[in-house]
Amino acid sequence: MNILVVEDEAELCDSIAEDLTLEGYTVSTCYHGADAYNRIKNESYHLVILDLNLPGMDGLDLLQLIRIEHPEWKVLILSARSHSSDKILGLDLGANDYLTKPFSLRELEARVRCLLRRLSNQWDSSVRLGCLCLDPLLHKVTARGQPLDLTPAEVHLLAYFMLHPGQIIPAETLLTHMQKQDRSFSSRGVHTLLSALRKKLRQTLEHDPIHTKLGRGYLLEVNHAS
Ligand code: CA
């Protein structure tokens, strides 16, 4: 589980990170609002622990950004602002929990556990097919434990194959699936996307696990050794 801690009090930020790392989480830290903005734009997390008073960008603006771009991420607000109006505003903007400073690390750990447990119940962790593993929350796929460098659209396409193992999937079905994400997708677009996906899979697996079944569609075949 990946956690981002955004807190400008460096000592507090580092002690939270150290504590949660000991609990077994993968933790990244940042001390500045603009740095947090870039990470939220470019990286993936299961949970963001977010201070509200930050240099560079307000925590509530960051919260709004997360809610627009990553509605599935959990957000725990950390703030010295103890006024209930801030708490209400934070929760209204979509924070999942709120902790007022000062707090004990034990309490933070318990709340993190609770949020991430809810998350894993919700998504029931990852989807596995042979050597491929899809993290539906982070929209990432690994092959033999190695992350594949796929675009979000490629992940969306591969996810369909992984969720329909052993089935020959007609091109029209793939088109309908892709149009649920982006209505402007054309059959040519799906064809191009599929070619790019197959090329990337071939590079990692040293063979193409998607087979063309003439006149019928496509079949993904992977085993653990693939
Ligand atoms: Ca602060």
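Values below: all heavy atoms of this structure, side chains included; hydrogens, waters and symmetry mates excluded.
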- All ring-ring contact (aromatic ring centres under 6.0 Å, His included) counterparts of Tyr160, not counting sequence neighbours: His164, His177
- State the CG-CG distance between Leu76 and Leu50, to the nearest 0.5 angstrom. 9.0 Å
- Message: For a quick test of reading the model, state the closest non-hydrogen atom pair linking Ser187 to Leu175 and the distance between them.
- Response: N-CD1, 3.8 Å
- Over 12 non-hydrogen atoms of neighbours within 6.0 angstrom of OH in Tyr37: no
- same_hphob_cluster(Val5, Leu22) at 4.5 Å side-chain heavy-atom cutoff: no
- Item | Pairwise salt bridge (Lys or Arg N to Asp or Glu O under 4.0 Å) hits with a residue in residues 155-175, at least two apart | none
- Message: Could you measure the distance from the CG atom of Leu193 to the CG atom of Leu157? Nearest 0.5 Å is fine.
- Response: 5.0 Å
- Message: Counting neighbours of CD on Glu43 that are heavy atoms of other residues, nucleotides or ligands and sit closer than 6.0 Å, is the number greater than 12?
- Response: yes
- Task: Could you tell me whether the side chain of Asp19 reaches within less than 4.5 Å of the side chain of Arg106, counting heavy atoms only?
- Result: yes
Donor-acceptor contacts, no H, no angles, side chain residues 7-15, under 3.5 Å, sequence neighbours left out:
unit_1, atom_1, unit_2, atom_2, d
Glu7, OE1, Lys101, NZ, 2.9
Glu7, OE2, Glu9, N, 3.0
Glu7, OE2, Lys101, NZ, 3.4
Glu9, OE2, Lys101, NZ, 3.2
Asp14, OD1, Tyr31, OH, 2.7
Asp14, OD2, Tyr31, OH, 3.2
Ser15, OG, Glu11, O, 3.4
Ser15, OG, Leu12, O, 3.0

- Given Leu52 and Tyr98, is the side-chain contact (heavy atoms from CB on, under 4.5 Å) satisfied, shown in steps? CA-CA 11 Å; Leu52 289 187; Tyr98 197 112; 3.8 Å; yes
- Item | Sole candidate of Ile3, Thr21, Leu78, Thr29 that passes side-chain contact (heavy atoms from CB on, under 4.5 Å) when paired with Ile16 | Leu78
- Would you mind reporting whether Val222 and Phe161 have side-chain heavy atoms less than 4.5 Å apart? no
- Task: Ignoring hydrogens and angles, tell me if any N or O in the side chain of His70 forms a donor-acceptor pair with the backbone of Ile40 under 3.5 Å.
- Result: yes
- Item | Hydrophobic cluster membership, Leu163 vs Tyr218, 4.5 Å side-chain cutoff | yes
- Crowding at NE2, His191 (>12 non-hydrogen neighbours, <6.0 Å): no
- So which residues get pulled into Leu219's cluster when ILVMFWY side chains under 4.5 Å apart are joined, directly or through others? Ile168
- 4.5 Å side-chain heavy-atom contact, His46 and Asp135: yes
- Given side chains that start at C-beta, do those of Val48 and Val6 come closer than 4.5 Å, heavy atoms only? yes
- Message: With heavy-atom distances below 4.5 Å as the criterion, would you say the side chains of Lys200 and Leu150 are in contact?
- Response: yes
- Note on the structure: In terms of heavy-atom contacts, Gly94 and Leu63 come closest through C-CD1, 4.3 Å
- Query: Distance from Met162 atom CE to Leu220 atom CG, nearest 0.5 Å?
  - Reply: 7.5 Å
- Task: Taking atom CZ of Arg202 as the centre, report whether more than 12 heavy atoms of other residues, nucleotides or ligands fall under 6.0 Å from it.
- Result: yes
- Task: Could you list the residues that satisfy salt bridge (Lys or Arg N to Asp or Glu O under 4.0 Å) with Arg198, not counting sequence neighbours?
- Result: Asp208
- Measure the spacing between CD1 of Ile49 and CG of Leu108 and express it to the nearest 0.5 Å. 4.5 Å
- Query: Any idea which heavy atoms bring Ile77 and Gly90 closest together, and the distance?
  - Reply: CD1-CA, 3.9 Å
- Message: Measuring from atom CG of Leu4 to atom OH of Tyr45, what distance do you get when rounded to the nearest 0.5 angstrom?
- Response: 4.5 Å
- May I ask you to decide if Val75's main-chain N or O and Asn96's side chain share a donor-acceptor pair within less than 3.5 Å? yes
- Shortest non-hydrogen contact from Leu115 toward Lys74: O-CE, 4.0 Å
- Message: Between Glu107 and Ser104 (side chain of the first, backbone of the second, donor and acceptor by atom type, cut-off under 3.5 Å), is there such a pair?
- Response: no
- May I have all residue pairs that pass salt bridge (Lys or Arg N to Asp or Glu O under 4.0 Å) and include part of residues 60-69, sequence neighbours excluded? Lys41-Glu69
- Message: Working note: Arg144 + Leu205, criterion side-chain contact (heavy atoms from CB on, under 4.5 Å); need CA distance, chi angles, decisive distance, verdict.
- Response: CA-CA 9 Å; Arg144 296 190 205 118; Leu205 301 174; 4.2 Å; yes
- Query: Atom CG of Leu197 and atom CG of Leu201: how far apart are they, to the nearest 0.5 Å?
  - Reply: 4.5 Å
- Identify the two heavy atoms, one from Ala34 and one from Met57, that lie closest to each other, and give their separation to 0.1 Å. N-CB, 4.3 Å
- Looking only at heavy atoms, the pair that brings Tyr25 and Arg113 closest together is OH-CG, 3.6 Å
